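In what follows, a single structure is set out as structure tokens and then discussed.
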Amino acid sequence: MPAAFGPDALAPVTLDRREGPYGEVVLRRRGDDFEIIANGCFLMDTSDGRSERLLIDAALEALPAERTDPAVLIGGLGVGFSLARAADEPRWGRIAVAEREEAIVDWHRNGPLAGISGPALADPRTEILTTDLVTYLHMTTDCYDALCLDIDNGPDWTVTEDNGNLYAPAGLADCRARLTPGGVLAVWSAQPSETFEQALRNAGFTGVRTEEVGVARGVPDVVHLAIRPA
């Protein structure tokens, strides 16, 4: 999500600004890249995307090789890197994306971000769920083989206060309930969190580990991984 901008970085140009039920979301262009800002908090941009792709790759790699047509839920559409990566992988069966901001969905369907996500949105395996991820995980009866969650700058740096519920015991219990036995929970973060790793263990997950990917800003992005016991 976060990116570093030096003193010589280009000034951003606002392309769209909308007020929604969760506050303000803004789409900006900075040079050749796009940025999403929520309530004044920088969420992500299109300058790299390696860690967003790792979110999908690491979850798939952690699944049993013999599992056919696994279903994945991507939490947060963002700039579309995770969705595009999932759609590029023929092994996935169902690809669902939970995105609560209608503006972000519109930027992908009808706006500048369509260049990233267009083929993925046209993929018959893809389904966009315009819903709050935390509420959806608590209310739905759907189950997935992988949950790939990227709605904040990490468990310790949430975009809105309510998102903190996702990383609390009740939220992690909902994640576990929505996973098939042996399913994988993958959570993006701007920095490692030993506290969150312990929370995953306390919630009954096994195989808890953290994968890092270097980024230009220096501190590596990470993906926290955990397995629901079979």
Side-chain angles (χ1 to χ4, degrees), residues 1 18 20-23 25 27 36 38-39 41 43-44 49 51-56 58-60 63 70-87 89 92-111 113-114 116-118 120-155 157-168 170-180 183-189 223-226 228:
M1 280 186 173
R18 303 192 197 180
Y22 305 99
V25 288
L27 179 65
I36 295 177
N39 295 317
C41 178
L43 283 184
M44 60 183 63
S51 57
E52 289 91 340
R53 297 181 182 101
L54 173 65
L55 183 70
I56 302 299
L60 186 61
L63 282 172
V72 59
L73 172 66
I74 300 172
L77 178 56
V79 296
F81 285 140
S82 294
L83 170 59
R85 187 66 154 200
E89 173 52 63
W92 291 114
R94 179 189 179 196
I95 303 170
V97 183
E99 174 53 63
R100 70 184 187 180
E101 297 289 354
E102 293 187 9
I104 293 179
V105 176
D106 190 41
W107 296 334
H108 281 274
R109 292 196 185 280
N110 307 299
L113 299 181
I116 297 172
S117 59
L121 289 173
D123 192 305
R125 297 171 297 167
T126 298
E127 177 184 8
I128 301 297
L129 309 172
T130 309
T131 183
D132 176 70
L133 174 69
V134 180
T135 302
Y136 175 74
L137 290 172
H138 184 65
M139 300 297 294
T140 188
T141 58
D142 290 351
C143 286
Y144 297 87
D145 299 288
L147 303 179
C148 296
L149 309 185
D150 182 8
I151 64 170
D152 294 300
N153 287 323
W157 187 1
T158 60
V159 174
T160 58
E161 185 176 349
D162 289 349
N163 281 2
N165 296 327
L166 177 64
Y167 314 105
L172 293 178
D174 287 337
C175 289
R176 181 175 172 177
R178 301 279 60 81
L179 283 169
T180 58
V184 179
L185 173 63
V187 179
W188 189 98
S189 181
V223 173
H224 293 289
L225 292 159
R228 175 186 169 171

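Predicted model, so just to flag it, every value in this text is computed and none were measured.
A donor-acceptor pair is defined here as one N or O able to donate and one able to accept, closer than 3.5 Å; no such pair exists between the side chain of Thr158 and the backbone of Asp152. Thr126 contributes a side-chain N or O that, together with a main-chain N or O of Ala120, makes up a donor-acceptor pair within less than 3.5 Å.
Across Ala103 and Val25, no two heavy atoms sit closer than the pair CB-CG2, 3.7 Å. Closest non-hydrogen pair, Leu43 versus Ala38, comes out as CD1-CB, 3.7 Å. Taking each heavy atom of Trp107 and Leu27 in turn, the nearest pair found is CH2-N, 3.5 Å. Nearest approach of Leu83 to Ser117, heavy atoms of both residues: CD2-CB, 4.5 Å. Counting all heavy atoms, side chain and backbone alike, Leu121 lies closest to His108 at CD1-O, 3.8 Å. Between Ile151 and Gly75, the closest heavy-atom pair is CG2-O, 3.4 Å.
Considering CE of Met44 and CD1 of Ile104, their distance stands at 7.5 Å, rounded to 0.5 Å. Between Leu129 atom CG and Thr140 atom OG1 the span is 8.0 Å, to the nearest 0.5 Å.
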Q: Carefully, step by step, assess Ile128 and Arg109 under the rule side-chain contact (heavy atoms from CB on, under 4.5 Å).
A: CA-CA 11 Å; Ile128 301 297; Arg109 292 196 185 280; 3.5 Å; yes

Q) Are Met139 and Thr131 close enough, and set up right, to give a side-chain contact (heavy atoms from CB on, under 4.5 Å), and what steps lead you there? A) CA-CA 11 Å; Met139 300 297 294; Thr131 183; over 6 Å; no

Q) Does the pair His138 and Asn165 meet the rule for a side-chain contact (heavy atoms from CB on, under 4.5 Å), with working shown? A) CA-CA 11 Å; His138 184 65; Asn165 296 327; over 6 Å; no

Q: Go through the steps to decide whether Leu149 and Leu185 satisfy the test side-chain contact (heavy atoms from CB on, under 4.5 Å), and finish with yes or no.
A: CA-CA 8 Å; Leu149 309 185; Leu185 173 63; 3.8 Å; yes

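Considering only residues two or more places apart in sequence or on other chains, Asp162 meets the salt bridge (Lys or Arg N to Asp or Glu O under 4.0 Å) condition with none of them. Remark: Arg125 engages Asp123 in a salt bridge (Lys or Arg N to Asp or Glu O under 4.0 Å) (not counting sequence neighbours). Thr180 meets the side chain to side chain donor-acceptor pair (under 3.5 Å) test with Arg67, Asp145; sequence neighbours excluded. With sequence neighbours excluded, the residues satisfying side-chain contact (heavy atoms from CB on, under 4.5 Å) with Arg94 are Ala71, Ala96, Glu127, Tyr136, Asp142, Tyr144. Not counting sequence neighbours, the partners of Glu89 by the side-chain contact (heavy atoms from CB on, under 4.5 Å) test are Leu60, Arg91, Trp92. With sequence neighbours excluded, no residue forms a salt bridge (Lys or Arg N to Asp or Glu O under 4.0 Å) with Asp174. Under the ring pair (Phe, Tyr, Trp, His ring centres under 6.0 Å) criterion, His224 pairs with Phe196, sequence neighbours left out. The side-chain contact (heavy atoms from CB on, under 4.5 Å) search around Ala59 returns Ala146, Cys148, Val184, Ala186, not counting sequence neighbours. Considering only residues two or more places apart in sequence or on other chains, Arg53 meets the side-chain contact (heavy atoms from CB on, under 4.5 Å) condition with Phe81, Arg85.
Proximity of Ile36 to Leu113: side-chain heavy atoms (C-beta onward) are separated by under 4.5 Å at one or more points. With contacts defined as side-chain heavy-atom distances shorter than 4.5 Å, the pair Ile74/Asp150 does not qualify. Side-chain atoms of Val187 and Leu166, non-hydrogen and from C-beta on, never get closer than 4.5 Å to each other.
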